[in-house]
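Structure record follows, encoded as structure tokens.
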Number of protein chains: 4
Amino acid sequence: MTGRPAQNRTADAAKRKPKFRRRAEARPDDILDAALKLFSIKGFSPARMEDVAKEAGISKGAIYLYFPSKKALLEGLIRRAVVPVADSALQMIAAHRGDPRPVIRKFLTMVAGAIKGPDGFAVPKLVIREAAAVPEIARMYREEVIDKALPAMTGLIAQGVEGGYIRDVDPELTVRTVIGPLFMHVLLDEVFGIRPEDGLAIDRLVDNHLTILMAGLAPERNGAR
Amino acid sequence: MTGRPAQNRTADAAKRKPKFRRRAEARPDDILDAALKLFSIKGFSPARMEDVAKEAGISKGAIYLYFPSKKALLEGLIRRAVVPVADSALQMIAAHRGDPRPVIRKFLTMVAGAIKGPDGFAVPKLVIREAAAVPEIARMYREEVIDKALPAMTGLIAQGVEGGYIRDVDPELTVRTVIGPLFMHVLLDEVFGIRPEDGLAIDRLVDNHLTILMAGLAPERNGAR
Amino acid sequence: MTGRPAQNRTADAAKRKPKFRRRAEARPDDILDAALKLFSIKGFSPARMEDVAKEAGISKGAIYLYFPSKKALLEGLIRRAVVPVADSALQMIAAHRGDPRPVIRKFLTMVAGAIKGPDGFAVPKLVIREAAAVPEIARMYREEVIDKALPAMTGLIAQGVEGGYIRDVDPELTVRTVIGPLFMHVLLDEVFGIRPEDGLAIDRLVDNHLTILMAGLAPERNGAR
Amino acid sequence: MTGRPAQNRTADAAKRKPKFRRRAEARPDDILDAALKLFSIKGFSPARMEDVAKEAGISKGAIYLYFPSKKALLEGLIRRAVVPVADSALQMIAAHRGDPRPVIRKFLTMVAGAIKGPDGFAVPKLVIREAAAVPEIARMYREEVIDKALPAMTGLIAQGVEGGYIRDVDPELTVRTVIGPLFMHVLLDEVFGIRPEDGLAIDRLVDNHLTILMAGLAPERNGAR
DNA sequence: AATGAATGAGGCTTCATTCAT
DNA sequence: CATGAATGAAGCCTCATTCAT
């Protein structure tokens, strides 16, 4: 759950290519954009440095002016995407008091928004794919994203249970129920191309999920079950 | 959501190797076991045929007696895992009439059981990883698993809504809410090593999720919303 | 001072090449022969593995079946050449008692013989060239050859001085006078193509050198100097 | 046997670099100094132009303002070192009449002096290393140094023999006996780090060698041998 | 004149695949 | 059937050289 703006410098670079030599400016970012694209399409290992270079509008060797190795490219990719997440959304959650359900609603909406953009899910998907082979990126992503987001949500739910806003559930496991559906929705789309007829429909997904979730988390009326 | 019955011949083969010449039958399955293991650990592309051979207790060349290429190994892997799923569980679902919620409960429990075993999630994870690079396996898995399971569940929910057993939700999207949490739970475990303190706890996860889910799907008491 | 027989398997291999695949036998030695040749001609760094392979009559990849890297090839080269030297000639020297001058004569003749063959000096020359860049080979050659030969000669001379067979010289430095000329002779030939009109004439060189050396080492007649 | 007068501007340049922009003159010499240092340490081929530039305190591109290629750098190096030798010492030798042994003594002392300085042997060693790969430098060094020094010494000895100052030896081969030990001494030091306990001790080496050499060259007393 | 970013040919090494045994 | 030596295409990375600034 991250995403990155990724300005399309790539296209511009391609146009300027006719010139024999080019000049510096935002090269590392261009390269990371290109790498993200190709690693996403072909996977880290099969993607060729030459293709990344071409996509970035530079030469093979130029990449090594900014990144010492292919693996460093991957790590740089994750690192760049991971930084902004850290503090932005989570303050809101951790600081909350009172009924946590509006916060949950806001959180899911926010995540949905981040994912909707083009390649909004590219980095997480890449992490999932390559985590087994490149443990560093799994660790980095875990430490910077998961280990911050998950406890925040868990705490929010725990506090909701204590405050009587939420039925007596296991907070740690309930987090899966909260975000799992959103995750699954995107994965079905990204991996198998499975999506509702009217496009990604991520807003409708969140709405539908929230309807069920809120009812499901609501404290039992009297004691019925 | 599959798993592979394929008994762990791998380990046995390795043990017997030094002694007796390996048995002549069941070779392809041994190879697929080895391939699954190595593709899971290192990824498809970085895994070497030689390692697969060693893991299977045979020679490099012997693999090619049964599989024409590395890619065929991957496809064979998916195909093997995919076949049994097809018909087993889904009949139950498609055939159902009446309150669908017990079926949902049974379904999730069943899937949880399949995943719990060692490498019960290996194949789906492999599909997720390699789908972008090897479209064939994405297609195959989609056609054989997803396109059977998803509509079955969707129909079950739709019918539940019609029958008044389930609140008025979008069946297609609700499927994500039903199975997403289970999926997320396993992925957190497999990719990041994140799991509850008492182990995978997949049964507790299902219990907790079902509690929320059933309450969330229950028809509104009178008509409020 | 070493040399190696180096049977010309190379040529034969070339003839057999028309066959698509070849069989194993003395492959590592063939490869070392080829490597020695090419490293000698072009130097270690500029020599290409592909050329070594071609010279050896095999494919690029086949080299790596026997040697893990280019550097290992160089080290293997030195190691192979170095082993035989160790014990052969030096026993004679170390064991000697009495007038050492006949032994010196024998020693120089022996070394001259070893050098005379084709490429008899190839390995030492390679060591000299690459020692600065690949310290391992310098160390290996030093430990296996120099550190055995030099002390043996030094001891021989020291004992000759003590026994009154040799004038009062510094044994450690005199070793340079004993073998330096032979060394210089070969180097002039190998590096600059400078040799007497009648070919390498190494026997004549030794004769001439011995004449001077023996007179030079002889104890002073009465006491003059 | 040469050495290079070229004052060690290298070290100075490095020190001044951070402060003032470097002086505009004498750049080529700085570059050659840097090149000599790096070629000596790593060898011609492995040494990188960038490192040479850094060592010289200038930029990569600046080298190409003075030398058209890496090879030209090597050749320039040799050429610079070679010029002074040509005329200086050899006049003395060629012009000599009478007993040549004092001249030999003077010559060896002179060469020893040239070698003693830091890197006094760097160029010859470089020539030896790269001669096989870059024939131009071998030829140049030969023509400018060897072909001048060797015949001069040969002639000196020949004349000594004719004049009865030296025993009846082959002048061409005797040259090896005269200078070989000095050469060997330095090579043992430079290549293998082998030197007498009290340092290079090149003066003692020359003394010891001369003792033997003079006695060895002296005409036979009456006829004994 | 000087810089150093950029290029791209080329080298080492890997590994899927073949095939002689 | 099985083996594993051998092949050779291909990938990562280096670095001499160029040239826009």
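Proteins come first, then strands; the chains are lettered A, B, ... in the order of their sequence lines, and each starts at number 1.
Using a 4.0 Å cut-off between charged nitrogen and carboxylate oxygen, B:R80 and B:D29 count as a salt-bridge pair.
Distance C:F67 CZ to F:dA5 C1': 15 Å, rounded to the nearest Å. If you take CD1 of C:I63 and P of F:dA5, they are 16 Å apart, rounded to a whole angstrom. As rounded to whole Å, 15 Å separates atom C1' of F:dA9 from atom OH of C:Y64. Atom CZ of A:F39 is separated from atom C1' of F:dC12 by 12 Å (rounded to the nearest Å). Counting to the nearest Å, the P atom of E:dT14 and the NZ atom of B:K42 are 12 Å from each other. For the pair A:K54 NZ and F:dG11 P, the interatomic distance rounds to 11 Å; values are reported in whole Å.
B:Y66 has a side-chain polar atom (N or O) that falls below the 4.0 Å cut-off from OP1 or OP2 of F:dA2. Distances shorter than 4.0 Å separate some side-chain N or O of B:R27 from OP1 or OP2 on F:dA2.
For the atom pair OG of A:S59 and CG of A:L65, the computed distance is 8.0 Å after rounding to the nearest 0.5 Å. Here the CG-NZ distance, from D:L36 to D:K125, works out to 9.5 Å after rounding to the nearest 0.5 Å. Once rounded to the nearest 0.5 Å, the distance linking CD1 of A:I137 with CG of A:L74 reads 4.5 Å. Between the CE atom of A:M49 and the CZ atom of A:F67 there is a distance of 9.0 Å, given to the nearest 0.5 Å. Rounded to the nearest 0.5 angstrom, D:E136 CD and D:E75 CD are separated by 5.0 Å.
If you find the closest nucleotide of DNA chain F to A:K60 and to C:A62, the one lying nearer the 5' end belongs to C:A62. Each of A:S59 and B:S69 lies near DNA chain E, and the nucleotide nearest A:S59 is the one positioned closer to the 5' end. Comparing A:P68 and D:P68 by the nucleotide of DNA chain F whose heavy atom lies nearest to each, the residue mapping closer to the 5' end is A:P68.
Ranking E:dT17, F:dT18, F:dA2 by closeness to the B:L65 side chain, first place goes to F:dA2.
Against DNA chain E, the stretch residues 45-52 of chain C makes heavy-atom approaches under 4.0 Å through C:A47, C:R48, C:M49. Of the residues in residues 128-137 of chain B, none has a non-hydrogen atom less than 4.0 angstrom from any atom of DNA chain E.
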Exercise. Quick one: the dot-bracket string of DNA chain E, using Watson-Crick and G-U wobble pairs with both distances under 3.5 Å, [ ] for crossing pairs and | for bases paired to another strand.
Key: .||||||||||||||||||||
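The two residues A:K70 and A:S45 make their nearest non-hydrogen contact at NZ-O, 3.0 Å. For B:A35 against B:L77, the heavy-atom pair with the smallest separation is C-CD2, 4.2 Å. Taking both residues in full, the closest heavy atoms of B:Y66 and B:I31 are given as CD1-CD1, 3.6 Å, listed atom of the first, atom of the second, then distance. Considering all non-hydrogen atoms of both residues, B:A132 and A:S40 come closest at CB-O, 3.6 Å. For the pair D:I128 and C:R129, the tightest heavy-atom approach, listed with the atom from each and the gap, is O-CG, 4.1 Å.
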